[in-house]
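A short worksheet on the structure shown next.
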Amino acid sequence: MVRFYHGKIELDVPETIYYPREDSMLLAKVLEKEHLRGKSVLEIGCGSGFLSILTAKMGGKVTAIDINEEAVVTAGINAKINDADVDIFISDLFARVKNKYDLIVFNPPYLPVDAGEMDLTYSGGLTGRETIERFIVGVKHHMDAAGTVLLLISSLTGEKEVLELFEREGMDAEVIAREKIPWEEL
């Protein structure tokens with residue numbers, strides 16, 4: 001178990017759950033600039049619950065999901081520790097999601113990996129876009145009319161290809177933040 005701190009948020013993160021790193025911090029910076037009070041927010045792939053807890057503390061009505069049961073339990077415990085009201089349940093992307101949201105946040109597994117690598121916290125398939133493609137196909141059915149998506153990708157994933165996936169599904173997409181780290185750009 002590793003302890004994580006961000007401002008007043010304190011998390012316990014088991015070694016089997018994705019620990020908030022540069023990608024999570026970039027999404028946090030973007031979220032901290034948003035006006036979320038009263039907005040319905042869905043975080044997909046909540047992991048430790050960091051972004052969901054941050055969003056709830058900013059006044060968002062947050063639902064958090066993850067495919068990993070241990071992540072859902074961990075996020076629930078961390079939400080209680082931080083006195084954050086977050087509805088958390090298991091779902092493979094939108095499989096069990098019934099509602100529509102003002103904001104949908106996803107830090108997906110986006111790294112291109114060999115077919116044999118199965119770590120769901122970062123393995124995005126051969127192109128890095130397998131989970132992202134499934135997400136983009138389903139997301140518009142769960143957004144309010146004026147809804148927004150925050151999707152984190154890597155330069156290794158293919159920015160042009162991801163923007164084209166949104167366009168193919170009839171959605172406008174643009175890059176709103178970038179961060180260069182030694183091995184990629186987020």
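Side-chain contact between I67 and I90: absent, with no pair of heavy atoms (C-beta onward) separated by less than 4.5 Å. Looking at heavy atoms from C-beta onward, L54 lies in side-chain contact with I9 at the 4.5 angstrom threshold. Between S24 and N107 the shortest side-chain heavy-atom distance falls below 4.5 Å. Residues V72 and N68 have side chains not in contact (no heavy-atom distance under 4.5 Å, counting atoms from C-beta outward). The shortest distance between side-chain heavy atoms of L93 and T131 falls below 4.5 Å. For the pair N99/T63, no side-chain contact is recorded, criterion being any heavy-atom separation below 4.5 Å from C-beta on. Residues I176 and L150 meet the side-chain proximity criterion, which asks for heavy atoms closer than 4.5 Å. Side-chain contact between V2 and Y19 is present, with heavy atoms from C-beta onward closer than 4.5 Å.
Between G47 and I17, the closest heavy-atom pair is C-CG2, 3.6 Å. Of all non-hydrogen atoms in M143 and T148, the two that sit nearest each other are CE-N, 4.3 Å.
Between the CD atom of E130 and the OG1 atom of T157 there is a distance of 12.0 Å, given to the nearest 0.5 Å. Once rounded to the nearest 0.5 Å, the distance linking CG of L36 with OG1 of T55 reads 6.0 Å. In this structure, OG in S52 is found 6.5 Å from CD1 in I88, a value given to the nearest 0.5 Å. Here CG of L51 is found 9.5 Å from CD1 of I53. Values are rounded to the nearest 0.5 Å. With values rounded to the nearest 0.5 angstrom, L27 atom CG is found 8.0 Å from E43 atom CD. Between the CD atom in E22 and the CD1 atom in I181 there is a gap of 4.5 Å [rounded to 0.5 Å].
Residues forming a salt bridge (charged side-chain N to carboxylate O under 4.0 Å, His left out) with D92 (at least two apart in sequence, or on another chain): R134. Remark: F106 pairs with F135 by the ring pair (Phe, Tyr, Trp, His ring centres under 6.0 Å) rule, at least two apart or across chains. For R178, the salt bridge (charged side-chain N to carboxylate O under 4.0 Å, His left out) partners are E159, E185, not counting sequence neighbours. The salt bridge (charged side-chain N to carboxylate O under 4.0 Å, His left out) check on E32 picks up nothing, with sequence neighbours excluded.
If you chain together hydrophobic residues whose side chains sit under 4.5 Å apart, V137 and L42 never meet in one group. Hydrophobic clustering of Ile, Leu, Val, Met, Phe, Trp and Tyr side chains at less than 4.5 Å, counting indirect connections, unites Y101 with F89. Taken together through direct or relayed side-chain contacts under 4.5 Å among Ile, Leu, Val, Met, Phe, Trp and Tyr, I77 and M1 form parts of separate hydrophobic clusters. Tracing side-chain contacts under 4.5 Å through hydrophobic residues (I, L, V, M, F, W, Y), one never reaches F50 starting from V73; they form parts of separate clusters.
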Side-chain atoms of residues 162-175: list all donor-acceptor pairs with protein atoms under 3.5 Å, sequence neighbours left out, distances to 0.1 Å.
residue	atom	partner	partner atom	Å
E164	OE2	K160	NZ	3.4
E169	OE1	K140	NZ	3.2

Next item on the list: With side-chain contact (heavy atoms from CB on, under 4.5 Å) as the test, would you mind laying out the steps for L11 and R3 before giving the verdict?
Entry: CA-CA 6 Å; L11 308 174; R3 182 71 38 109; over 6 Å; no
Check: Is there a side chain to side chain donor-acceptor pair (under 3.5 Å) between N78 and S48 once you walk through the steps?
Finding: CA-CA 7 Å; N78 284 329; S48 66; 5.0 Å; no
Checklist line | Test log, rule salt bridge (Lys or Arg N to Asp or Glu O under 4.0 Å), inputs E179 and K29 | finding: CA-CA 11 Å; E179 185 160 325; K29 285 181 203 173; 3.0 Å; yes
Next item on the list: Decide side-chain contact (heavy atoms from CB on, under 4.5 Å) for L103 and K39; before the verdict, give the C-alpha distance in whole Å, the side-chain angles of both, and the deciding distance to 0.1 Å.
Entry: CA-CA 7 Å; L103 175 64; K39 294 200 175 178; 5.9 Å; no
Checklist line | Intermediate values then yes/no, side-chain contact (heavy atoms from CB on, under 4.5 Å), L186 and L152 | finding: CA-CA 7 Å; L186 303 171; L152 190 127; 4.2 Å; yes
Next item on the list: Determine, stepwise, if the pair H6 / M25 fulfils side-chain contact (heavy atoms from CB on, under 4.5 Å).
Entry: CA-CA 9 Å; H6 177 79; M25 301 317 300; 3.1 Å; yes
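Y18 and D23 form a side-chain donor-acceptor contact under 3.5 Å, judged by distance and modelled atom types alone.
Within the structure, no pair that satisfies the salt bridge (Lys or Arg N to Asp or Glu O under 4.0 Å) test touches residues 65-90, not counting sequence neighbours.
Crowding of K180 atom NZ: a count of heavy atoms from other residues, nucleotides or ligands under 6.0 Å exceeding 12. No more than 12 heavy-atom neighbours from other residues, nucleotides or ligands sit within 6.0 angstrom of CZ on R37.
Of the possible donor and acceptor atoms, none in the side chain of S91 sits under 3.5 Å from a partner among the backbone N and O of I65.
Separation of the H141 and F94 ring centroids does not fall under the 6.0 Å cut-off.
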